Amino acid sequence: MAAGRTGRAAVNGTKLHYRTAGSGPAVVLLHGVPKTGYHWRYLVPRLTARHTVVVPDLRGLGDSDHPADGYDSATMSDDIAALTAFLGHDSYGVMGEDWGP
C-alpha cells in the first residue's frame, strides 16, 4: 500500500482500523469477506495521485474490532459513513468487491 496514514477510529459503536493515502476527492475501498483492506494494496498506488483513498478493515475483520453484532448491511454502511465523517470527508465515492453468496 502507498505511504499514508493508519489509525483506528471509534465510530458507530465499534473501532475500525483504516489506512488513508493520497489527495483529492475521497474514495473508500471496501473489501469482501473474508478479506481485509490489504486486498487493495495494488490498486491504492494507482489512485493516490488524484484521490484521497480510504481503506478500512470492515467490522469483524482484520485489525478492526470484532463486536458480537452489527454485521447487517445498514449497520456496516453506517460504520463507513461515520468513519468518513471522522476523517473529515463530506462526500466520497465507494468501490467494493466480493464474490457474494
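Quick caveat, the model's predicted, so the values are computed rather than measured. Computed from heavy atoms alone, side chains included, the values below leave out hydrogens, waters and symmetry copies. Residue numbers count from 1 along this sequence.
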Going by side chain to side chain donor-acceptor pair (under 3.5 Å), name the residues that satisfy it together with D72, two or more places apart in sequence or in a different chain. T75
Quick check on the hydrophobic clustering: are Y92 and M95 connected, directly or via other members, by side-chain heavy-atom contacts under 4.5 Å? no
Could you state the interatomic distance from CG (L58) to CG (D98), rounded to the nearest 0.5 Å? 9.5 Å
Taking side chain to side chain contact (heavy atoms under 4.5 Å, CB included) as the definition, give me every residue that meets it alongside D90, ordered by chain and number, with sequence neighbours left out. none
V11-L87 co-clustered via ILVMFWY side chain contacts under 4.5 Å: yes
Would you please name every residue forming a side chain to side chain donor-acceptor pair (under 3.5 Å) with H51, sequence neighbours left out? none
Hey, what do you get for OG1 (T48) to CG (L43), rounding to the nearest 0.5 Å? 9.5 Å
Can you list every pair that meets salt bridge (Lys or Arg N to Asp or Glu O under 4.0 Å) and has a residue in residues 43-62, with sequence neighbours left out? R59-D79
Test of understanding: with side chain to side chain donor-acceptor pair (under 3.5 Å), list the residues that count as partners of S77, not counting sequence neighbours. none
Ignoring hydrogens and geometry beyond distance, is a side-chain donor-acceptor pair present between T6 and H17 at under 3.5 Å? yes
Kindly write out the residues that satisfy side chain to side chain donor-acceptor pair (under 3.5 Å) with D65, not counting sequence neighbours, or none if the list is empty. R8
May I ask you to test the V54-V27 pair for a side-chain heavy-atom distance under 4.5 Å? no
